[in-house]
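What follows is a short report on a single structure.
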Amino acid sequence: MTDVAPVRAFWEGLGLPGLYDVHTHFLAPPVERKVHAVFDAAGPKIGRPWPIRYRLPVEERVALLREMGVRRFSTLPYAHRPGIAGFLNDWAAGFKRDVPESLWSATFYPEPEVGDYVAASIEAGVEVFKVHVQVGEFDLDDPLLTPAWGALEDAGTPVVVHAGHAPVGNDFTGPAPMARLLAAHPRLTVVAAHLGAPDYLDFADLAARHERVHLDTTMVFTDFWDTDYPDGLTERLRDLQPRVLLGTDFPTIPYPYAHQLESLARLDLGEDWLRDVCWHNGMRLLGPA
């Protein structure tokens, strides 16, 4: 596939052993079909036409990531209603067994049993969790989630949180809910997806105030991502260099994987910044490839 060569040229040019992508998705087939249908219909949570470039069988997607040199990548299931997290997590555990270099991922939802299954997942070895309040439409500080957040805070297990308004906001998105969560659980290890778009500076402020808050680059600065970038954002990202992580949203992106990398390079923050973002920061947070 022609997408491979420019990706490999990017990380080889930086002298890296590959890429560490904290924000990719592999979902159980029946769930994935429903997700693709939402994207294909440009549904209310998508807000615009969104062609999926990498609509491939799971095995071919894994092979492509390997060929491109993505050494570690996540599955990041996200529960959108009660009662589905167990199914999603079981499938993700099977994926981890089949694809050992993947990041063992899990999700959760505000429901009475959430504290128990999150604690059990941590004990089993889950490496990263994902919650998506833009899709799931729940409060990050829902009291039902208190035991789950407490377990995650104590364990230090990272949680990728889609809390930003983009692409279409609702009553549960934005920096304020995240700020409330961190006020209650200041030791949480959080990765704010999409740099918290479009409230980039507010989420950068949260990262500056909380040493365990990280930001991922997913879709940000690409030609497709339709947000305004405030003055001073690149300077903030330079200051937060150790806590910015490569994310791409592969496979549900409408452009080649390499475009995300090119978009980061044209920020002109230097090769050391790119090396940290694309490899070293992921290694420090989630472990070696």
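Computation of the quantities below employed the complete heavy-atom set of this structure, encompassing side-chain atoms and omitting hydrogens, waters and symmetry-equivalent molecules.
- In this structure, Ala163 and Met178 approach most closely via the heavy-atom pair CB-CE, 4.0 Å.
- Between the CG atom of Leu264 and the CD atom of Gln260 there is a distance of 5.0 Å, given to the nearest 0.5 Å.
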Show the numbers, then the answer: is there a side chain to side chain contact (heavy atoms under 4.5 Å, CB included) between Leu246 and Tyr20? CA-CA 7 Å; Leu246 174 65; Tyr20 204 120; over 6 Å; no
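- At a threshold of 4.5 Å between non-hydrogen side-chain atoms, the residues Leu145 and Leu140 do not count as touching.
- Side-chain atoms of Glu271 never come within 3.5 Å of backbone atoms of Leu14 as a donor-acceptor pair (strictly under, hydrogens ignored).
- Here the rule is ring-ring contact (aromatic ring centres under 6.0 Å, His included) with Tyr78, and of His25, His162, His23 only His25 fits it.
- With rounding to the nearest 0.5 angstrom, the CG atom of Asp276 is 11.5 Å from the CG atom of Leu269.
- Between the side chain of His280 and the backbone N or O of Cys278 there is no donor-acceptor pair closer than 3.5 Å.
- Relative ring orientation between His185 and Trp149 is described as tilted, the plane-to-plane angle lying within the 30° to 60° band.
- Side-chain atoms of Asn281 come within 3.5 Å of backbone N or O of Gln241 as a donor-acceptor pair.
- You'll find the side chain of Thr24 stays beyond 4.5 Å of the side chain of Leu76, heavy atoms only.
- Phe224 carries Arg48 over the face of its six-membered ring, with the cationic atom under 6.0 Å from the centre and within 45° of the normal.
- Judged by distance alone, the side chain of Tyr54 and the main-chain N or O of Tyr257 form a donor-acceptor pair under 3.5 Å.
- Shown here is Glu211, whose CD atom has no more than 12 heavy atoms of other residues, nucleotides or ligands within 6.0 Å.
- For the pair Asp223 and Arg266, the salt-bridge criterion is met [side-chain N within less than 4.0 Å of a carboxylate O].
- Between Pro77 and Thr107 the shortest heavy-atom distance is O-CB, 3.1 Å.
- Here the CZ atom belonging to Arg97 is positioned 7.5 Å from the CH2 atom belonging to Trp104, to the nearest 0.5 angstrom.
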Would you sort out whether Asp154 and Arg187 count as a side chain to side chain contact (heavy atoms under 4.5 Å, CB included), showing the intermediate values? CA-CA 8 Å; Asp154 290 342; Arg187 295 181 295 112; 3.0 Å; yes
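- Using a 4.5 Å heavy-atom cutoff, the side chains of Thr157 and Val159 are not in contact.
- The closest side-chain heavy-atom distance from Leu19 to Met68 is not below 4.5 Å.
- Contact check for Lys34 versus Leu27: no side-chain heavy atoms found under the 4.5 Å cut-off.
- In this structure, Thr227 and Ala197 approach most closely via the heavy-atom pair CG2-CB, 4.5 Å.
- For the residue pair Tyr117 and Glu111, a side-chain donor N or O sits within less than 3.5 Å of a side-chain acceptor on the partner.
- Considering every non-hydrogen atom in both Ala92 and Ser105, the closest pair reads CB-O, 3.3 Å.
- When all heavy atoms of Asp21 and Gly247 are compared, the pair lying nearest together is OD1-CA, 3.3 Å.
- A 4.5 Å side-chain heavy-atom check between Glu101 and Val99 finds at least one atom pair inside the cut-off.
- Crowding of Asp171 atom CG: a count of heavy atoms from other residues, nucleotides or ligands under 6.0 Å not exceeding 12.
- In this structure a side-chain-to-backbone donor-acceptor pair under 3.5 Å is present from Asn170 to Gln134.
- The cluster map of Ile, Leu, Val, Met, Phe, Trp and Tyr, joined by side-chain heavy atoms under 4.5 Å apart, puts Val168 and Val133 in different clusters.
- With Arg284 contributing its side chain and Arg243 its backbone, the two residues share no donor-acceptor pair below 3.5 Å.
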Leu237 vs Phe221, test: side chain to side chain contact (heavy atoms under 4.5 Å, CB included). Steps then yes/no. CA-CA 12 Å; Leu237 295 179; Phe221 306 112; 3.7 Å; yes
Determine, stepwise, if the pair Ser121 / Phe108 fulfils side chain to side chain contact (heavy atoms under 4.5 Å, CB included). CA-CA 10 Å; Ser121 295; Phe108 55 93; over 6 Å; no
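- Put simply, CZ on Phe39 and CD1 on Ile52 are 6.0 Å apart, with the number rounded to the nearest 0.5 Å.
- Taking 4.5 Å as the limit, some side-chain heavy atom of Tyr200 sits within range of a side-chain heavy atom of Pro230.
- Note that the CZ atom of Arg8 and the CG atom of Leu16 stand 12.0 Å from one another [nearest 0.5 Å].
- Between the Arg61 side chain and the Leu56 main chain, a donor and an acceptor come within less than 3.5 Å of each other.
- Taking the side chain as every heavy atom from C-beta outward, Trp50 and Pro167 approach each other to under 4.5 Å.
- Taken together through direct or relayed side-chain contacts under 4.5 Å among Ile, Leu, Val, Met, Phe, Trp and Tyr, Leu144 and Val135 form parts of separate hydrophobic clusters.
- At a threshold of 4.5 Å between side-chain heavy atoms, the hydrophobic network of Ile, Leu, Val, Met, Phe, Trp and Tyr places Phe87 and Val126 in one connected group.
- Across every non-hydrogen atom of Pro158 and Leu286, the tightest pair is CG-CD2, 3.8 Å.
- Between His194 and Trp225, the angle of the ring planes stays under 30°, which puts this pair in the parallel group of the 30/60° scheme.
- With rounding to the nearest 0.5 angstrom, the OG1 atom of Thr217 is 8.0 Å from the CG atom of Leu245.
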